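First comes the structure, then the notes that go with it.
These figures come from a predicted structure and were not determined experimentally.
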Amino acid sequence: MSVRLMKKILKEQEPAETQQLINSEDESESPPPSATFRNPFDLLDDEDDDDGGVDQENNADINDGFSIENSNEKQSSTRKTTPEAFVLSDSKFKKKKKKKNKEKSQPGAKDKGNSWNESLEQLSIEDDSSHLEHVAPDTGKYNLTNLNGRGKVVKQCTSSVLQVDPKFLNAENELRRIFGSKVVNSFEKGHQTGSSRQSRGGRRGSQNHRKTILVCPLEHWPKWDGSLSMELVETRDGISDFRYVHTSSYSQAQKAFESAKAVHDFNGIVNILLHHPYHVDSLITLAEYYKFSGEQQMSADCTARCLYALECAWHPMFTPLMGNCQLKFSCEINKPLFSVLFSHMKNMDRRGCHRSALELCKLLLLLDPDDPMGVLFCIDYYSLRAEEYTWLEQFSEQYKSDNSLWLFPNFSYSLAVCRYYVENDEHAKEIKAEDLKASSADLMKQALMLHPSVLKKLVSKVPLKDKAWTSIIKHNFFSSDQTGAPSLDHLINIYVERSYIIWRLPDLQKFLRDAALSVIETLQHDGTYARDWTCVRKEAFSSEKNEYSHLLVSDFSDSVPTLPPDNLQNFMVDPRGEVPNDAQHANHRVQDLTDRNAIAVLLESMLPWMNYGSGHDQPDHDEQGNEG
C-alpha cells in the first residue's frame with residue numbers, strides 16, 4: 001500500500017469526519033454509541049491481509065467494507081481514533097516502533113496497537129537513520145534477504161588479506177608519519193630548490209600531470225604522450241585479464257631499442273629517450289645504469305617515471321587494488337610492470353618506507369598469484385619491519401586457503417618472531433594464553449628443527465659473536481649449512497640475505513639463543529625428533545632441481561652493486577669504439593659538478609627534461625674544437 005493512496009483515502013473521509021464532529025457538538029461531548037469512523041491504518045492492515053494492495057478503481061468497495069467492519073468494534077476503541085490521534089510527532093512514532101520491536105507480533109491479532117505498528121512498518125513511515133542501510137532501494141521496505149546477502153559480501157571483502165590501501169602506497173605519507181610533516185616539508189622545499197636549478201631552461205617546463213596512485217609525478221617530468229595503452233583479454237570467474245598494447249610510434253621505438261640492445265649501444269638507448277621520454281625498456285636500462293654508477297636517486301627517479309607511464313596506460317576497467325584484475329607475467333608485454341614494481345618496492349625499502357613496500361608486495365601478488373617475482377620470500381620481512389604482526393599471521397593462514405607457508409624457511413622463522421612481538425605487545429597482554437595456538441618459543445623451536453642450517457648462516461651473516469654461539473653451531477644438529485635440497489638451500493640463502501638485519505636486535509638474539517639451547521636439550525633426551533623433522537623437510541622439498549633458480553639472491557639484498565669507472569665507460573661507448581660528439585660536448589659541463597659521477601651526469605644531460613644552462617657557451621666549445 002503506497003503513501004499516496006493512503007492520503008487519498010484520508011481526503012475522501014474528510015466530509016464524513018466533519019459531519020461526525022458537528023453532530024457530536026450538537027448532541028453531547030461524548031462519542032455516540034455506534035461510531036461510524038475507523039482508523040485508516042487499520043483499514044490498510046485489512047487490505048494488506050486480503051489482497052496485498054488496492055487499485056484506485058476499488059475505492060468504493062473499500063468504503064463499504066470500512067463501515068461494515070467498524071460496526072462490530074467496541075465503543076471504547078472509538079475514543080482512540082479521533083482526528084487528533086493522527087497528529088503524532090516523530091518521537092511518538094519512534095516510541096511506538098521501539099515498543100513494537102520489544103513485543104513479539106502475533107499474526108492475525110486484532111489489537112489496535114499492533115495494527116498501528118504493523119501499518120507503520122509496512123508503510124516505512126519511521127525515519128530512523130540507524131536502519132537506513134537495511135532498507136531495500138527498490139521497495140523502501142526492510143529486506144532481510146538483501147541484508148543477509150550484503151553481510152556475506154562485506155565479510156568476503158574484509159576477509160581478503162591482500163587488500164591494498166592506496167594511502168600507504170605514497171611514500172611521502174609514511175615519511176610524514178615517521179619524521180613529522182615539518183621535517184618532510186622542509187626537506188622537500190630544499191630538494192625542490194635544487195632540482196629547479198636543473199630543470200630551469202628545459203624544453204618542456206612544468207606540466208600538469210595526471211594524478212596517479214603508485215607514484216607522485218614531479219614537475220619537471222615530460223607530459224604523458226599516450227604511447228602505451230591496455231586492453232581487456234577476457235573475464236573468467238569474476239577476474240578480468242588485461243595486457244598492455246603498444247602504439248605504432250612506441251613499436252618503432254621498441255624496435256630501435258632491441259637493435260641498440262643487440263649491439264650493446266647504450267648511447268642509442270639514450271637517444272631513444274630524446275624522442276620517446278616514456279619508453280619503458282629504455283628507462284629501465286637507464287635506471288640500471290644509474291644504480292651501478294652509484295646514483296641511487298637518479299635510478300629511483302627513472303624507475304618512478306617508468307611506473308608513472310605504466311599506470312597512465314591503465315584501462316578504465318583495470319582496478320588491481322580491488323583484486324578483480326590480473327596481468328599474466330607469461331605475456332611478454334606485461335613483464336616490465338612486474339620488474340618496475342619490484343624495483344620500486346626495493347627503493348621504498350631503502351627509504352625506510354616499509355609499509356609502502358608491503359603494499360607493493362600485495363599488489364604484485366594480486367596481479368599474478370603465481371608470484372613470478374618471488375614476493376612471498378620478502379613479504380614477511382616487510383611486514384615485520386612495518387610492525388604488521390597481526391596481518392602476517394592472518395596472511396600465513398588464509399593465503400590460497402592452505403596453511404603450508406610455514407614450511408618455507410622465511411615464514412617459519414618470521415612467524416616465530418611475529419608471535420614474539422605479539423606476546424610482548426602491551427596492548428595484547430590481555431589475550432589469554434589459550435587463545436594463542438602456539439607460543440613464540442614453540443614456533444622458534446619448530447623453525448630450528450625444520451631448518452637447522454639457517455642458524456649457522458645467520459651466525460656468520462649477522463654476525464653473532466657471543467661465545468654461546470660457538471658451542472651451539474658445533475653441535476651435530478646445527479653444524480651443517482647445507483640441506484642437500486637445491487630448492488631449499490636457495491630459499492635459505494634468500495632469507496638470510498633479506499632478513500639477517502632483524503637478528504641484530506639484542507632481544508631477538510637472546511630469543512634465538514634460548515630456543516637453540518632448548519632444541520639441543522630436547523635432542524639429548526630423544527633423538528627421534530630430528531629424524532621426524534628431516535622427513536617433513538624432504539617431503540616438502542623433494543625436487544632434485546632448483547625450482548627457484550629464476551630468483552637471484554642479489555635481488556633480495558640490501559647491498560648496492562657498483563661497477564668500476566672503466567667498465568661504465570665501456571658500457572656507454574659505442575661498440576665500434578667511437579665516442580659520440582654530443583658526449584664530448586657534455587664533458588665540458590660535467591667539470592663543474594665535482595660531487596657527481598661524471599658518466600652519470602653525462603647521461604643525465606642527454607635527457608630532454610634536464611638542462612644545466614642556457615647553452616650560450618656552446619659556440620665557444622665548437623670554436624675550440626675547430627681550432628684544435
From NZ (K255) to CD1 (I272), nearest 0.5 Å: 13.0 Å
Stepwise side-chain contact (heavy atoms from CB on, under 4.5 Å) test for D380 and V417: CA-CA 10 Å; D380 58 301; V417 175; over 6 Å; no
More than 12 heavy atoms of other groups within 6.0 Å of R243 CZ: no
Distance-minimising heavy-atom pair for Y500 and V462: O-CG2, 3.8 Å
Distance-only donor-acceptor check, side chains E231 and H315, under 3.5 Å: no
Closest non-hydrogen atom pair between L232 and D241, with its separation: CD1-O, 3.4 Å
Main-chain N/O of N410 paired with Y381 side-chain donor or acceptor, under 3.5 Å: no
Inter-residue atom distance C353.SG - R385.CZ, 0.5 Å rounding: 11.5 Å
ring-ring contact (aromatic ring centres under 6.0 Å, His included) partner of Y548, the single match among Y495, F377, F541: F377
Ring-face cation contact, F556 with R498, 6.0 Å cut, 45° max: no
D555 to K346 - nearest heavy-atom pair and separation: O-CD, 3.2 Å
N267 (side chain) donor-acceptor with A260 (main chain) under 3.5 angstrom: no
Heavy-atom donor-acceptor pair, E174 side chain to H354 backbone, under 3.5 Å: yes
Salt-bridge contact R355-E359 (side-chain N to carboxylate O under 4.0 Å): yes
Sidechain-backbone polar pair: N347 side chain, A300 backbone, donor-acceptor under 3.5 Å: no
Between CG on residue N424 and OG on residue S440, distance to nearest 0.5 Å: 7.0 Å
Test item: side-chain donor near acceptor, T319 and N324, under 3.5 Å: yes
Q297 and Y290, any side-chain heavy atoms less than 4.5 Å apart: no
Distance (rounded to the nearest 0.5 Å) between L392 CG and Y382 OH: 14.5 Å
Contact summary for L169 and I213, nearest pair of heavy atoms: CB-O, 3.7 Å
Check: N334 side chain, K328 main-chain N or O, donor-acceptor pair, under 3.5 Å: yes
Side-chain ion pair, R351 and E172, N-O less than 4.0 Å: yes
Between OH on residue Y278 and CH2 on residue W224, distance to nearest 0.5 Å: 8.0 Å
Test side-chain contact (heavy atoms from CB on, under 4.5 Å) applied to L214 and H344, step by step: CA-CA 10 Å; L214 297 179; H344 186 61; 5.8 Å; no
Min side-chain heavy-atom separation N271-L274 under 4.5 Å: yes
V245 side chain near Y250 side chain, heavy-atom distance below 4.5 Å: no
For I239 against G323, the heavy-atom pair lying closest together: CD1-O, 3.7 Å
Rounded distance [0.5 Å steps], CG in L273 versus SG in C302: 8.0 Å
Under 3.5 Å: donor-acceptor pair, side chain of S518, backbone of D514: no
N-O pairing of K291 and E288 below 4.0 Å: yes
S460 side chain to K457 backbone, donor-acceptor under 3.5 Å: no
Distance-minimising heavy-atom pair for D526 and T528: OD1-OG1, 2.7 Å
Plane angle bin for Y413 and W503 - parallel if under 30°, tilted between 30 and 60°, otherwise perpendicular: perpendicular
Heavy-atom check, side chain of L523 versus side chain of N476, under 4.5 Å: no
Mutual orientation of the aromatic rings belonging to W391 and F395 [parallel < 30°, tilted 30-60°, perpendicular > 60°]: parallel
Flag if over 12 foreign heavy atoms under 6.0 Å of OH, Y529: no
Main-chain N/O of S479 paired to K456 side chain as donor or acceptor, under 3.5 Å: yes
Under 3.5 Å donor-acceptor, H246 side chain and Q252 backbone: no
K461, NZ: over 12 other non-hydrogen atoms inside 6.0 angstrom: yes
Test item: H550 and P372 side chains (from C-beta on) under 4.5 Å apart, heavy atoms: no
pair H276-S282: side-chain heavy atoms closer than 4.5 Å: no
Heavy-atom side-chain contact between L464 and R513 under 4.5 Å: no
Within 6.0 angstrom of E234 CD, more than 12 heavy atoms from elsewhere: yes
Ion pair check, K335 and E332, cut-off under 4.0 Å: yes
Close side-chain approach of L307 to L337, heavy-atom, < 4.5 Å: yes
Side-chain donor or acceptor of S487 paired with backbone N/O of E547 under 3.5 Å: yes
